[in-house]
Amino acid sequence: MHPASFGYHAPRSLVEAFGLLREHGEDAKVLAGGHSLLPAMKLRLTQPEVLVDLRHVSGLSGIRVDGDTLVIGALTTHTEVSTAEAVRRSLPGLADTASVIGDLQVRNRGTMGGSVAHADPAADLPVTLTALDASFVLTSSEGERTVAADEFFVDFFTTALEPHEILTAIRIPLPPSPARTSYAKLPHPASGYVVVSAAAALSVDDAGACTAARVVLGGVAGTPHRATAAEAALTGQELTPEVMTAAAAQAADGIDPHADSYADEDYKRHMAVVYARRAIEAAAARA
Amino acid sequence: MEHPALPINVTVNGKARAAEVEPRLLLVHFLRENLGLTGTHVGCDTSQCGACTVHVDGLAVKSCTMLAVQADGADVTTIEGMAEGTALHPVQEAFQEQHGLQCGYCTPGMVMTAAHLLETNPEPDDDAIKHALEGNLCRCTGYINIVKAIRWAADQMRGQHASS
């Protein structure tokens with residue numbers, strides 16, 4: 001299978017890339033690792049006239065700590081995220097997420113920025129990044145703006161990213177130690193994509209009470225879904241097995257999952273509860 | 001609309017190769033059709049099966065999901081670059097010794113992924129081997145002997161390392 005014919009540019013700087021995006025408008029697509037875009041182009045689901053490959057633009061890759069924020073360059077691969085000591089230590093739920101994306105070869109090429117910008121409703125990272133209250137740095141020739149995950153994912157394959165903007169970095173607030181973050185995934189057995197998944201980020205005070213909770217579901221809507229009833233049921237409570245089970249039982253409240261040929265709505269609703277419970281329990285068990 | 005061919009320079013199995021390629025040419029087709037290196041197979045063509053796995057700058061990647069122009073400046077190793085003369089790479093030898101193949105179609109990709117795994121983790125347990133092979137599908141063997149072969153190769157490579 002070949003993608004339809006397109007023009008290819010590999011600019012050496014962001015300024016040059018912005019010029020290409022301005023010139024070609026919506027006919028252009030930005031290429032990072034290509035592991036969302038190229039399969040879609042081979043299937044002719046998308047046919048950009050021009051690809052703007054960021055591989056020669058420096059400064060878009062790598063992981064660094066900036067005060068109380070972890071900053072991940074958009075071109076950082078899933079393998080780099082899943083193996084980075086700073087991620088494993090401070091955001092184990094993110095390392096776990098990156099380590100179950102696709103397969104080893106996909107993780108070696110696929111990038112965090114590419115996955116996020118593609119916004120596949122069956123992708124892993126948008127779910128976890130929403131639970132971690134991440135924000136996305138969108139850069140253009142006019143400057144940069146930062147958009148929180150809750151606002152960034154707009155609909156199926158649709159984000160707040162404008163055609164003239166490039167997602168350059170992901171900023172994640174570092175949680176206090178121990179970082180109670182987790183990810184639990186029911187993968188489609190053939191494709192590895194999410195059928196249903198859940199990410200949890202919990203804060204617990206010295207007395208053992210949960211002071212803040214974010215529980216997010218994947219695979220049940222066009223965007224990551226905040227399970228706000230489950231979050232409310234955890235907040236202020238001691239995280240006993242009964243409290244966690246009762247909170248997870250509310251995870252499917254208000255969801256309207258789309259059925260597909262593999263999983264019908266009732267099954268997804270049921271799995272939302274099961275995987276929310278697993279994610280909450282795994283996050284609570286971090287020490 | 002046709003787009004002009006672009007020049008690329010790629011090192012393949014240690015040999016510098018220069019070519020002009022259409023932007024949409026996939027790396028796997030560049031290797032197979034432009035260079036005649038047909039050991040890299042096309043299986044599913046949808047980034048699932050791993051038959052097209054090669055190493056790009058030391059990392060196992062699916063060459064059906066990479067443009068040849070993205071490999072400009074890269075160092076690519078295919079299955080043809082694994083043996084040294086008539087001496088098979090330990091992973092190749094392992095697949096022979098442990099009957100890690102039947103029809104052989106998936107084998108080049110399996111060998112490339114396994115070799116990458118053993119470079120990053122010389123002592124993988126069975127779970128690590130299975131996790132690493134998630135992107136390589138085999139329709140014949142049931143995987144048991146493939147996992148055995150990789151374990152065997154790991155032992156051989158550690159032994160060689162210890163005795164050298």
Side-chain angles (χ1 to χ4, degrees), chain A residues 1-10 12 24 27-29 31-45 47-56 75 77-80 82-83 96 99-111 114 185 187-193, chain B residues 1-8 21-29 33 42 44-74 109-110 112-114 116-117 120-121 124 128-137:
Chain A
M1 267 188 308
H2 300 273
S5 193
F6 56 84
Y8 172 88
H9 299 275
R12 297 267 160 189
H24 297 284
D27 292 335
K29 274 274 194 186
L31 177 66
H35 273 56
S36 300
L37 183 56
L38 294 179
M41 288 172 64
K42 288 166 72 179
L43 294 168
R44 311 289 167 111
L45 297 173
Q47 292 195 25
E49 277 291 313
V50 169
L51 289 190
V52 178
D53 188 348
L54 299 180
R55 61 194 294 260
H56 293 311
L75 294 192
T77 65
H78 306 316
T79 295
E80 289 164 341
S82 67
T83 55
D96 288 353
S99 71
V100 296
I101 295 170
D103 53 53
L104 181 145
Q105 296 96 311
V106 168
R107 292 190 292 273
N108 278 342
R109 286 288 298 171
T111 67
K185 172 186 185 180
H188 184 276
S191 73
Y193 276 100
Chain B
M1 173 179 165
E2 286 305 307
H3 293 277
L6 299 173
I8 60 169
V21 300
E22 227 192 314
R24 67 171 174 162
L25 182 72
L26 299 170
L27 178 60
V28 67
H29 297 303
E33 288 153 33
V42 179
C44 68
D45 211 0
T46 56
S47 327
Q48 305 282 333
C49 81
C52 66
T53 302
V54 301
H55 294 179
V56 175
D57 293 332
L59 299 177
V61 307
K62 293 179 172 178
S63 60
C64 81
T65 313
M66 186 167 170
L67 303 169
V69 288
Q70 288 178 290
D72 181 31
M110 289 284 179
M112 299 312 284
T113 301
H116 170 83
L117 167 68
T120 52
N121 179 2
I129 293 172
K130 290 173 188 172
H131 185 55
L133 290 183
E134 276 173 1
N136 290 80
L137 303 184

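All values reported here derive from a predicted model rather than from experimental measurement. All chains are named by letter (A, B, ...) in the order of the sequence lines, taking the proteins before the strands, and each is independently numbered beginning at 1.
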Interface moiety of B:Ser47 toward chain A, non-hydrogen atoms closer than 4.5 Å:
both

Heavy-atom proximity to chain B below 4.5 Å, by part of A:Asn108
both

Which atoms form the tightest heavy-atom contact between B:Glu22 and A:Ser5, and what is the distance?
OE2-OG, 3.7 Å

On a heavy-atom basis, which atom in B:His3 and which in A:Phe6 lie closest, and how many Å separate them?
CD2-C, 3.1 Å

Does any backbone or side-chain atom of A:Ala10 lie under 4.5 Å from a heavy atom of chain B? Answer side chain, backbone, both or neither.
neither

Considering only heavy atoms, which portion of A:Leu37 lies under 4.5 Å from any heavy atom of chain B: side chain, backbone, both, or neither?
neither

I'd like to know if the side chain of B:Arg24 reaches the main chain of A:Pro3, judged simply by a donor and an acceptor atom lying under 3.5 Å from each other, with no hydrogens or angles considered.
yes

Which is it for A:Asp103 and B:Lys62 under the side chain to side chain contact (heavy atoms under 4.5 Å, CB included) test, yes or no, and what are the steps along the way?
CA-CA 10 Å; A:Asp103 53 53; B:Lys62 293 179 172 178; 2.5 Å; yes

Among B:Leu25, B:Val42, B:Leu67, which residue forms the greatest number of heavy-atom pairs with chain A at distances under 4.5 Å?
B:Leu67

Any donor-acceptor pair under 3.5 Å from B:His131 side chain to A:Ser99 backbone
yes

Once you round to the nearest 0.5 Å, how far does CD of A:Gln105 lie from OG of B:Ser63?
10.0 Å

Indicate yes or no for a side-chain donor-acceptor contact from A:Lys42 to the backbone of B:Thr46 under 3.5 Å, with no hydrogens or angles considered.
no

Given a strict heavy-atom distance threshold of 4.5 Å, which part of B:Thr65 is in contact with chain A: side chain, backbone, both, or neither?
both

Above 12 or not: heavy atoms from other molecules or residues under 6.0 Å from OH of A:Tyr8?
yes

Using side-chain heavy atoms (C-beta onward) and a distance below 4.5 Å, is A:His35 in contact with B:Met66?
no

Examine whether an atom of A:Ser191 lies under 4.5 Å from a heavy atom of chain B, and if so say whether it belongs to the side chain, the backbone or both; otherwise answer neither.
both

Step by step, would you call B:Leu6 with A:His9 a side chain to side chain contact (heavy atoms under 4.5 Å, CB included)?
CA-CA 10 Å; B:Leu6 299 173; A:His9 299 275; over 6 Å; no

Spacing of B:His116 atom NE2 and A:Leu104 atom CG [to the nearest 0.5 Å]
4.5 Å

